[in-house]
Structures are given as C-alpha cells and as structure tokens.
Number of protein chains: 2
Amino acid sequence: MRLTRAAEYAIRCVIYLSRQGQSVLTSRQEIAEQADIPAHFLAKIAQDLAKAGLIEIRQGARGGFLLSKNPADVTLLEVVETMIGEISLNDCVARPSGCKISPCCSVHRVWLDARDQLRDSLRRVSFDQLIADASCFPSYPKALLETEGLETPLSARNDLQ
Amino acid sequence: MRLTRAAEYAIRCVIYLSRQGQSVLTSRQEIAEQADIPAHFLAKIAQDLAKAGLIEIRQGARGGFLLSKNPADVTLLEVVETMIGEISLNDCVARPSGCKISPCCSVHRVWLDARDQLRDSLRRVSFDQLIADASCFPSYPKALLETEGLETPLSARNDLQ
DNA sequence: AATATATGAGACCTTATTGATCCTATTTAC
DNA sequence: GTAAATAGGATCAATAAGGTCTCATATATT
C-alpha cells in the first residue's frame, strides 16, 4: 500500500521546478542529477506531468522542463494522481460494480471515507508550502557541497538495503 | 496504492467468523465457499491471522477456525496490518533513515500525517460494527439462495474484468 | 489401533506491476 | 547544417502478488 517510485520522483521533480520558479527552464539532466532521479526514467515521468498540464516540455538544444503553473496552484494530490491514477485504497472502491459482495456494504463505506480523507489531505498541500521547508533539497548543488566537504542529507543515499 | 487481495480475503474471513459468533468453530471449506475465497489461499491467510492471535485453528477431523476475540474487540486495522504489515503510504515514512532527502522534510510530514489519519480511521472500526450491516454477506448459504432462485449479491461475481 | 478427515507449513509456479534502460526520431539553438 | 536536447515507444529485469500443490501432522470416529 505504498506510493510508487515514479510518483515519488514526480514529486521531487515538481519541487525542484518550484524552487526554480514558475516558467524557469531547467534541463532534464540538471533535475535528474540534483533530485537524484534516473534521467531516462525522468523523461517518461515528465511526459505524464506534461500531459496533465503541470509542466511544459521544450524540445531541442537548450531544451528542458518548466513549471506551467504557480507552485501555489499545484497540489500534492494532482502530482500523485497524475502518476498513479485516482487513489482508491481498495479494489472495491475502484469498481463498486465489480465488488463481489455488494456495492455499498459497511466495509466499502469505511474505505470510501478513508480514501476521501486521504485525498483531502493531499489536496490541501501545495508546492509553495512544500518548498518553504528548506530540508527537502540541498540549497547548494551536490558537487559544490562535496568539494566543500559539507554534510548533505543526500549522503545517506547508500544506506538502503 | 491498493489493499492486497490477501487482506481483502482476511477481512471477509473475519466477518464470516464474527457472524458465526465468538468461539464457534467453522470449517475452512465452509468459509472458503461462503466468502468466496480460494480454499488453499485461505489456509495461508488463516495462519497469519492465527499468529496474530485473532483466530484459533483446530486441526484434525472436524477442525476449522474460530474467532478468539469478541468481534467488538477486533478492529479493521488489526486485520489489515496483520496481512500487509504496518501501513506506511510511502517508502520515506517506512524507513526515515533510508530517506534520500531528509528524515523530516515537508513531504515526509504530509505522508506521516496522512498515514496516521488512515490508521486511526481503520482503528475506529470494529467487526461488530461491520456485521451490523447485513449487506456484506448473504444471510443464507449460497446454495440455498440458488435453489430458491433469489437474487444474491454474489451473482455479480462473473462481471469482473 | 486404524482410518478418514481436516488443517499446517512451506515450496513452488504464474502473472502483473514496477522500475529502469535503450534506441531511433524529432525538434530547436546556433 | 550540425550539435544538443527531448519524444516516444520497445524492451528488459526485478519484485511482488496471487494462487496451487504436496507432504506432514493432528484429531474424531469406529
């Protein structure tokens, strides 16, 4: 019952672009490096974000991505659901007509309420709020941090299983 | 971001046993047939439920399962987390130490709150509440319904994909 | 005690999803 | 025109989910 990697990457990408500011063109490579996203994977993710109207993609030399909205007008829910489709904690909720038991049994209702609650929580969060917290990305480019020998949150990267 | 089939089956199983009443022994076969759960799969699910102390398993001839608690004392959260482990909507929340970005960035906090909210919702629902609603299972055994030619919610079973 | 009945425990298989990569085409700055 | 950059789709590997099977074990019944 977890968010997919693609959705997590999408959030990071939009955070990065929000930091850059609306309509500031940023290359895919820069985003991939700074937000620690596989570059090719980011290409695919960006296509979904573009289709949803969240970002704009500029092709060609000196191309890249840019945020097409004001960060204050982009919610966490929009980004998440762009990547994974409408949230629906269980199958029953996703297709009530296909529910083996009943389209409106007591369990169904619990999941429906929980889903609505979760979606509301995510809808209440916009990207201007998210970038207000400085801890999500290093303020300096990664390379710079390393030459300065500073401790960066990204250094925990190799601790994974 | 969906509940697994195993967890859905577990919920149905516990609902069925709750209907039977605490400490009423019911054969695996009966539960499997009535709640529409693959019998062998139910065996595996029951082992998890038993390890968690939710049900008791009786081996041997005339064996089966029985609910070891009062339905009022079993929450939906318990059953769900027995099957899928502690809920944690995203990786970041599951292992903050392994988070690439930071153990307490703004996104992390949103997911943490959403998770707590979801767990609270599921914790508030007990199985005596769930069985109060008659629509979750047919009141009659499936076979009986068919011979009587009545419409049963289970008849929608073949409408899937 | 023997037998039939029922579940235990885990190995195993199949399929779907996820995560990621690669390659050719297309677009654009210079 | 050339180089730089993304588009779009094919492909592949890893993981998880869903389900099945088999042999072992336990118990009621006779």
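Since the model is a prediction, treat every value here as computed from it, not as a measurement. Proteins come first, then strands; the chains are lettered A, B, ... in the order of their sequence lines, and each starts at number 1.
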Does a side-chain N-to-carboxylate-O contact under 4.0 Å join [X] and [Y]?
X	Y	answer
B:Asp116	B:Arg119	no
B:Glu8	B:Arg2	no
A:Arg58	A:Glu56	yes
A:Glu86	A:Arg115	yes

Per the atom types in the model, does the base of D:dG19 pair as donor or acceptor with the side chain of B:Lys44 at under 3.5 Å?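 Present.
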
Pair of N/O donor and acceptor under 3.5 Å linking D:dA7 base with A:Gln47 side chain: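 Between D:dA7 and A:Gln47, which were checked side chain against base, a qualifying N/O pair under 3.5 Å is absent.
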
With respect to the side chain of B:Phe41, which nucleotide from C:dG19, C:dT7, D:dG19 is positioned closest?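 Of all the options, the side chain of B:Phe41 is nearest to D:dG19.
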
So what does A:Ala46 touch, heavy atoms closer than 4.0 Å: a base, only the sugar-phosphate, or nothing?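 It contacts nothing in the nucleic acid.
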
Whole-Å distance separating the CZ atom of A:Arg5 from the P atom of C:dT21: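 Checked: the CZ to P distance equals 11 Å.
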
B:Val74 and B:Asp128: side-chain contact (heavy atoms from CB on, under 4.5 Å), yes or no, with the steps? CA-CA 8 Å; B:Val74 183; B:Asp128 63 331; over 6 Å; no

Using heavy atoms and a sub-4.0 Å distance, could you list which residues of residues 55-69 of chain A are near DNA chain C? By number, please.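 When residues 55-69 of chain A is checked for heavy atoms under 4.0 Å from DNA chain C, the hits, listed by number, are A:Gln59, A:Gly60, A:Ala61, A:Arg62.
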
Let's see if you get this right: which residues in residues 76-86 of chain B place a heavy atom under 4.0 Å from DNA chain C?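 Under 4.0 Å from DNA chain C: no residue of residues 76-86 of chain B.
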
Residue-phosphate contact under 4.0 Å: B:Tyr9 side-chain N/O, D:dG19 OP1/OP2: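 Yes.
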
